[in-house]
Amino acid sequence: MSGDVQELRVDLGDRAYPIYIGTGLIGEPAYLRKHIQGTQVLVVTNTTVAPLYLAPVVESLAGYEVQAVELPDGERYKTVEVWSEIFTRLLEARFGRRCTVIALGGGVVGDMAGFAAACYQRGVRFIQIPTTLLSQVDSSVGGKTGVNHPLGKNMVGAFYQPQCVIADTGSLATLDDRQLAAGIAEVIKYGLIDDPDFFTWLEQNMQRLKARDGAALAYAIERSCADKARVVAADEREAGRRALLNLGHTFGHAIETATGYGCWLHGEAVAAGLCMAARLSLRLGWLEETQARRIEELIQRAGLPVKPPQGMRPERFLELMAVDKKVLDGRLRLVLLKGLGQAVVTEEFDLQVLEKVLDEYGAS
Ligand code: NAD
Ligand code: GLY
């Protein structure tokens, strides 16, 4: 049985949904079953998560016609080809329009399962059970779903909101330290976007997070989800403000694509990207030296990279950044900082300063 459960809400009118956060939620039928319609349920998971958590989920679905598909594990399998295996299973099982797709796993599984739910028979119900820190604080909330293309990260996808998000913080016990740190990168991002008090809290509590203190993790997850839910509710389809959630990502996606998906974890690439955004903001005169240093120090204390991979040339960055989804009419837009907790989406920066910053990293 689960202990204290926090319930947040993503306020999207008739598509509003709850985020449940607590320990012991996987295998707890009460939260899951009330969001399922019909009798048919497909659980999408992967070969790592299935042996850990599939059985309790299936047990909690007693009485439903349950199928499961185990995808190969890894960012390099977040492809159209692997994604289509989900449809094969749905069709083989003769699942109809009233079926429900459940994503059980990290962000890769969540993004692929959500995109499949958006497309299968033009849209079926979808539930997120995120099992990594990164997916609990970010990817399971907000309805971005999709797969990668060899030429660009997350380039094929849809906005498609889940019925609910069930974040069992107990599942983080089996996550390795590197993956935990990757999730912390996205947590730091929220502090930098518009929550300076949270950034300060993170400075004071990073040791507790690294040591997996349950109360600290629960607080960080709740605050991150609340921060994200607020932004998504204001701008679901990224007409404006939601792009702030991409702080660090234009640099980060370029790193992921250049190094081959999976070599650098998404959160690691975002961490380096946050530092690069801070360094550019500093060079533009928008951020103070002490503020840029605080960002780098916090990211370092989280055990995350503060620089892009050695040998990644400025020209490669610029080439890959040009296919970013924030590019508007051929103009690169970036999320930069005008202070701690003051992110802006802007194309008003000197391209030469960006090139100089990329050169500095290339040379370091
Ligand atoms: P991931 O899904 O690859 O999971 C990381 C690893 O942890 C995998 O090997 C996975 O099998 C394993 N794992 C998952 N849960 C576990 C558990 N409880 N115990 C042990 N191992 C476990 O990576 P991720 O960091 O969760 O997600 C990254 C992905 O999310 C990227 O593809 C990124 O593009 C995407 N993303 C999407 C959004 C969005 O808004 N949709 C936001 C951020 C990131
Ligand atoms: N992770 C970026 C977004 O959800 O918009």
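Values below: every heavy atom of this structure, side chains too, minus hydrogens, waters and symmetry copies. Both counts, for ligands and for their atoms, begin at 1 and track the order of listing.
- Aromatic ring pairs are classed by plane angle as parallel below 30°, tilted from 30° to 60° and perpendicular above 60°; the pair Phe317 and Phe251 is perpendicular.
- A heavy-atom cutoff of 4.0 Å around ligand 1 is satisfied by the protein residues Asn46, Thr48, Val49, Leu52, Tyr53, Asp73, Glu75, Lys78, Gly106, Gly107, Val108, Asp111, Thr131, Thr132, Leu134, Asp138, Ser139, Lys144, Lys153, Asn154, Ser171, Thr174, Leu175, Gln179, Glu186, Lys228, His266.
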Mind listing the N or O contacts between ligand 2 and protein, cut-off under 3.5 Å?
{"from": "ligand 2", "atom 1": "1 (N)", "to": "Asp138", "atom 2": "OD1", "distance (Å)": "3.3"}
{"from": "ligand 2", "atom 1": "4 (O)", "to": "Lys228", "atom 2": "NZ", "distance (Å)": "2.6"}
{"from": "ligand 2", "atom 1": "4 (O)", "to": "Arg242", "atom 2": "NH2", "distance (Å)": "2.8"}
{"from": "ligand 2", "atom 1": "5 (O)", "to": "Lys144", "atom 2": "NZ", "distance (Å)": "2.9"}
{"from": "ligand 2", "atom 1": "5 (O)", "to": "Arg242", "atom 2": "NE", "distance (Å)": "2.8"}
{"from": "ligand 2", "atom 1": "5 (O)", "to": "Arg242", "atom 2": "NH2", "distance (Å)": "3.3"}

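- A donor and an acceptor atom, one from each side chain of Glu92 and Gln67, are nowhere located under 3.5 Å apart.
- Of the possible polar contacts, none joining the Gln128 side chain to the Cys164 backbone as a donor-acceptor pair under 3.5 Å is found.
- Taking 4.0 Å as the cut-off between side-chain N and carboxylate O, Asp138 and Lys144 do not count as a salt-bridged pair.
- In this model, a donor atom of one side chain and an acceptor atom of the other lie less than 3.5 Å apart for Tyr53 and Thr174.
- In this structure, Arg97 contributes its side chain and Gln121 its backbone to a donor-acceptor pair below 3.5 Å.
- For the atom pair CZ of Arg279 and CD of Glu296, the computed distance is 6.0 Å after rounding to the nearest 0.5 Å.
- Ionic pairing of Arg230 and Asp195 is not present here: no N-O contact between side-chain nitrogen and carboxylate oxygen is shorter than 4.0 angstrom.
- Nearest heavy atoms, Asp359 versus Pro314: OD1-CG, 3.3 Å.
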